[in-house]
Amino acid sequence: MNNVARLIAAIFIIGSCACGSIPKAGPVSTQEVSPKKRIEIPSAKKAIKTQPRLELPAITDSEDIVTHIGFTASYNHETLIPNWVAYELTREEVNGSEKGDESFQWDPDIKGRQAWREDYARSGWDKGHMIPRADLKWSAKAYSESFYFSNVCPQDPAFNTGSWRTTESMGRRLAKQYGSVFIVCGPLVFDNKYGTLGEHKVVIPDAFFKAFLICVNGEYSAIGIIMDNIPEKQNLKQCAMSVDEVEDKCGLDLFHDLDISIQSAVESRINWKMWGI
DNA sequence: CGGAATGCGATG
DNA sequence: CATCGCATTCCG
């Protein structure tokens with residue numbers, strides 16, 4: 001059984017015992033990809049964001065996509081965590097200094113069940129941001145929206161402030177160095193060995209993936225990272241791999257807007273000198 | 001070593 | 001519920 005199948009199986013087991021009338025967002029499937037599902041670009045971002053949205057994976061018809069000022073997310077109604085969160089981070093954004101509301105909230109754009117703060121409370125697991133709040137200091141509203149549960153996953157506390165944070169620092173460093181970086185990340189749920197949180201059964205991911213795409217002098221480079229949801233320190237370089245390998249694990253078609261003529265070349269290899277790891 | 005970034009929880 | 005401080009970790 002491959003990883004995608006395992007993901008589907010895990011979600012089915014959980015969904016079948018806990019969900020009732022909740023709309024089925026469905027796990028990712030490579031078969032129902034619509035060619036170019038329209039994503040509404042939040043107006044606040046239109047002025048500063050380039051087209052197309054290179055950070056986005058291919059969108060399946062069954063996915064529940066939410067767009068906020070600073071990020072796009074695919075929400076999973078069975079696991080109560082996102083399938084992925086994607087955004088572009090620019091040099092100017094990294095230099096922001098605004099802060100907003102820091103309380104975790106339900107995403108107002110999502111219909112159906114979401115995680116409760118009580119599910120996480122005293123569980124021993126952090127409410128870990130997918131897009132870090134530090135990447136949204138260019139707008140108080142964008143900052144606050146990062147605290148929606150569409151952007152939150154259960155993370156081991158030491159992992160959150162340790163290994164995972166090094167991937168976030170890497171993103172900001174790339175943005176400063178190259179002017180812009182396209183980022184997508186999310187949870188990996190294989191056999192769900194850590195179980196669920198609280199009475200709403202928020203799925204605890206086994207691991208997390210992240211992928212970076214940059215364009216330097218008209219040439220694209222990409223890299224992927226997968227880290228286990230564990231406290232032990234994990235080295236960035238040792239966790240790095242091609243985007244193709246990440247796609248194998250997460251079942252997504254990443255950087256789908258990247259020109260098809262160069263996509264396979266960009267995603268199959270690692271241009272090591274670009275990443276500083 | 002200082003500061004940034006993370007999220008928790010005590011306190012009123 | 002809002003405010004504040006704390007503990008931890010890592011970057012520069």
Side-chain angles (χ1 to χ4, degrees), chain A residues 68-71 73 80-82 85 87-108 114-179 181 183 185-187 194 196-200 202-205 207-210 212 214 223 225-240 273-277:
Chain A
H68 295 296
I69 297 174
F71 66 94
L80 307 191
I81 55 178
V85 172
Y87 61 107
E88 179 186 5
L89 184 64
T90 66
R91 180 180 291 140
E92 293 72 27
E93 289 171 351
V94 173
N95 292 328
S97 58
E98 293 185 44
K99 289 194 171 188
D101 182 13
E102 299 192 340
S103 63
F104 289 88
Q105 304 285 349
W106 285 337
D107 189 323
Q114 298 183 49
W116 291 52
R117 289 191 285 261
E118 288 75 7
D119 294 324
Y120 285 79
R122 289 169 299 279
S123 68
W125 297 85
D126 273 7
K127 295 184 285 288
H129 284 72
M130 290 297 96
I131 178 172
R133 51 173 148 171
D135 290 3
L136 294 163
K137 286 184 171 180
W138 47 273
S139 154
K141 186 161 193 294
Y143 185 94
S144 302
E145 288 176 344
S146 78
F147 285 80
Y148 290 158
F149 278 104
S150 52
N151 183 49
V152 172
C153 292
Q155 286 185 325
D156 177 275
F159 172 70
N160 185 14
T161 56
S163 305
W164 186 244
R165 213 183 79 181
T166 65
T167 71
E168 299 172 342
S169 297
M170 178 177 168
R172 287 186 285 272
R173 176 170 52 76
L174 293 171
K176 281 186 274 192
Q177 184 173 356
Y178 298 115
V181 56
I183 304 175
C185 64
Y194 302 126
T196 62
L197 286 186
E199 69 170 280
H200 300 95
V202 184
V203 169
I204 303 170
F208 290 87
F209 74 90
K210 182 169 285 191
F212 298 109
I214 54 174
I223 194 170
I225 291 166
I226 289 181
M227 287 181 170
D228 289 324
N229 194 7
I230 56 173
E232 288 76 19
K233 170 72 182 167
Q234 296 162 84
N235 178 276
L236 265 179
K237 186 160 191 171
Q238 287 168 358
C239 295
K273 67 176 186 293
M274 310 304 295
W275 307 106
I277 58 173

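Chain naming here is simple, since letters A, B, ... match the order of the sequence lines and numbering starts at 1 in each.
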For A/Lys127, enumerate each residue passing the side-chain hydrogen bond (donor to acceptor under 3.5 Å, both in side chains) test, keeping only those at least two apart in sequence or located in another chain.
none

With A/Ser103, which residues qualify under side-chain hydrogen bond (donor to acceptor under 3.5 Å, both in side chains), at least two apart?
A/Asp101, A/Gln105

For A/Asp135 and A/Ala121, take the nucleotide of DNA chain B holding the closest heavy atom to each; which residue's nucleotide lies nearer the 5' end?
A/Asp135

Check whether any side-chain N or O of A/Asn235 sits under 3.5 Å from a backbone N or O of A/Lys237 as a donor-acceptor pair, and report yes or no.
yes

Which residues satisfy the salt bridge (charged side-chain N to carboxylate O under 4.0 Å, His left out) test with A/Arg165, sequence neighbours excluded?
none

Among residues at least two apart in sequence or on other chains, which ones pass salt bridge (charged side-chain N to carboxylate O under 4.0 Å, His left out) with A/Glu118?
none

Residues within residues 127-134 of chain A bordering DNA chain C, heavy-atom distance below 4.0 Å:
none

Identified side-chain contact (heavy atoms from CB on, under 4.5 Å) counterpart of A/Trp138 within the set A/Ile69, A/Thr90, A/Val94, A/Asn95
A/Ile69

Classify the side-chain pair A/Tyr87/A/Asp135 by whether it contains a donor and acceptor separated by less than 3.5 Å.
yes

With sugar-phosphate meaning primed atoms plus P, OP1 and OP2, does A/Glu102 contact a base, only sugar-phosphate, or nothing at under 4.0 Å between heavy atoms?
nothing

Residue pairs passing the salt bridge (charged side-chain N to carboxylate O under 4.0 Å, His left out) test with at least one member in residues 144-158 of chain A, sequence neighbours excluded, are A/Lys141-A/Glu145

Base versus backbone protein contacts along nucleotides 7-12 of chain C [heavy-atom cut-off under 4.0 Å; B, S, -]
--BBS-

The criterion is side-chain contact (heavy atoms from CB on, under 4.5 Å); which residues satisfy it with A/Lys99, sequence neighbours excluded?
A/Glu102, A/Lys137, A/Tyr143

Residues in ring-ring contact (aromatic ring centres under 6.0 Å, His included) with A/Trp275, at least two apart?
none

With sequence neighbours left out, the residues meeting ring-ring contact (aromatic ring centres under 6.0 Å, His included) with A/Phe212 are none

Would you tabulate the nitrogen or oxygen pairs shorter than 3.5 Å linking the protein to nucleotides 3-6 of chain C?
none

Around atom NZ of A/Lys273, are there more than 12 heavy atoms from other residues, nucleotides or ligands closer than 6.0 Å?
no

Going 5' to 3' along DNA chain B, which nucleotides are the first and last within contact of chain A (any atom under 4.0 Å from a heavy atom)?
B/dA4 to B/dC8

Under 6.0 Å between the ring centres of A/His129 and A/Phe104?
yes

